[in-house]
Amino acid sequence: MRKTTLFLGATLLSFTALLPAAARAHIRSMDAGACQPYNANGVRGYQCGLVGGDDYGVPTTVYFDYNASAGSIVDLYFVRTTYSGSISSDTMTPSAPYTGSYDAALYPSTTIQGPSPYDYYRALFITNNSITVYGVALRN
Amino acid sequence: MRSNLVVALIGSLTGALGALAVAGLSSAREHAPHAERAAPLAPPPSGIVPPGWNPLFVAAAAHAEAPPPPSAPAPPATGPARGEPDEKERGRQEHYAQELEYRENELASHDSESVDGAWAHGETATIRQTLSAGERSFVVKSVDCRTRTCVAELTYPTPSEAVNGQASLATSIPAGCHGMLSTLTPPTDAGPYDATVVYYCR
């Protein structure tokens, strides 16, 4: 009886101690050094490759950190390419005044359907002007 | 005393394993063996060729799946038998089947929407304008907007062109929409190929 109680107590203690740490949201951030200029079919900006995989789960928020000069309209894209060839993307355009530092949050809806740990992710800053990209972060 | 310590230790380990299992972190990682690749004979497609596509309909894929030269090393004895897909490739095939099913469901959902005439007319024009901008390898066959979503049908000269055109579609979502999805269906020949893009707008 005593040993059973001891066993259950130890099990409960370690379970409750580890579960919050194991189940908490993960954040991975990428410095602008992981980004490169993007120019395709007249669409210009910067793109950053992001880390996927099974350590993180489905992204719920994508943070785009950048500084825009006056008159810069920046369209933000989060693109998923699956390893079986499908492509999907979510986009948003931060509201005016379109200048200064942004820490814009995009909440994916299309790109999180049918996830696979082999999915590839990209974040793109599409702009008509020059901007300074600081980095990108993903939260799951 | 010592037996109590052992029991407590076993209990702690059991609890820790339970926590990891609940958090979904206990699944073993799969390390797929490096795929054997033939020497490139032509530039590879810029997009990912879906699994199971007939190589004859996608020229570049035919090179990727060509048999290795005689001097190529034999596959490791522990790997899958030649010609048999490994675990990752089987997963890719299953995932593609799920994506095709999801695509069908999304198109059926679009078809079941009622038509908001005023919005649909304006958004259709916007999508046509966006898809026609710049150099494109496709022609816009049709655009159909309802209440929440729009579906555009694009005709490419070949299935290969459709594979290569996927990426640019993802970064040119028309104003008024916030998301897109494109899953290419298996081609029936190497000629003109119709692709369908779903736009999520409201």
Side-chain angles (χ1 to χ4, degrees), chain A residues 2-24 38 40-45 47 53-55 57 75 77-93 106-111 113-120 122 124 126, chain B residues 3-4 7-20 22-25 27 29-30 32 47-53 88 91-103 106 133-136 163 166-173 175 177-184 198 200:
Chain A
R2 190 178 164 205
K3 284 188 176 174
T4 303
T5 307
L6 185 63
F7 175 80
L8 291 176
T11 301
L12 189 65
L13 188 65
S14 62
F15 180 84
T16 52
L18 265 177
L19 184 58
R24 74 172 185 272
Y38 177 82
N41 198 30
V43 177
R44 295 169 185 273
Q47 70 172 344
D54 60 1
D55 275 352
D75 295 323
Y77 283 85
F78 179 58
V79 177
R80 178 184 74 155
T81 306
T82 71
Y83 72 143
S84 41
S86 291
I87 197 158
S88 57
S89 67
D90 289 293
T91 186
M92 66 166 291
T93 304
L106 184 154
Y107 303 99
S109 57
T110 310
T111 49
Q113 304 298 327
S116 158
Y118 292 108
D119 290 342
Y120 309 113
R122 284 184 297 150
L124 291 103
I126 303 300
Chain B
S3 66
N4 286 346
V7 168
L9 188 62
I10 292 172
S12 299
L13 286 172
T14 306
L17 286 173
L20 289 172
V22 169
L25 297 178
S27 61
R29 295 253 208 108
E30 297 164 10
I48 297 173
V49 178
W53 277 30
K88 183 185 176 190
R92 200 166 89 92
Q93 292 167 355
E94 290 168 8
H95 198 252
Y96 182 47
Q98 291 166 4
E99 289 178 335
L100 290 172
E101 185 179 347
Y102 184 78
R103 171 189 179 276
E106 291 299 279
E135 289 183 19
R136 301 289 187 180
V163 169
Q166 286 276 80
S168 65
L169 291 174
T171 53
S172 55
I173 294 180
C177 299
H178 58 78
M180 62 76 67
L181 167 70
S182 175
T183 298
L184 300 175
V198 180
Y200 301 89

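Lettering of chains follows the sequences in order, A, B, ..., and the numbering in each one begins at 1.
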Enter the distance from A:Asp119:CG to B:His95:NE2 here, rounded to the nearest 0.5 Å. 5.5 Å
Do B:His178 and A:Ser109 have side chains that get closer than 4.5 Å, going by heavy atoms? yes
Given A:Ser84, A:Gly57, A:Gly85, the one with more heavy-atom pairs under 4.5 angstrom with chain B than any other is A:Ser84
Other residues, nucleotides, ligands: >12 heavy atoms within 6.0 Å of B:Arg136 CZ: yes
To the nearest 0.5 Å, how far apart are CG in B:Leu181 and OG in A:Ser89? 9.5 Å
Would you call B:Lys88 and A:Tyr83 a side-chain contact if the rule is heavy atoms closer than 4.5 Å? yes
Which of B:Arg103, B:Gln166, B:Gln98, B:Glu99 passes side-chain hydrogen bond (donor to acceptor under 3.5 Å, both in side chains) with A:Ser86? Answer is B:Glu99
What's the spacing between B:Thr171 OG1 and A:Arg122 CZ if we round to 0.5 Å? 7.0 Å
Go through A:Thr82, A:Val43, A:Thr81, A:Asp75 and name the one with the most non-hydrogen pairs under 4.5 angstrom from chain B. A:Thr82
Does the side chain of B:Leu169 come within less than 4.5 Å of A:Ile87's, by heavy atoms? no
Among B:Pro50, B:Ala170, B:Ala175, which has the most heavy-atom pairs under 4.5 Å with chain A? B:Ala170
Is chain B contacted by the side chain of A:Tyr38, its backbone, both, or neither, given a heavy-atom distance below 4.5 Å? side chain
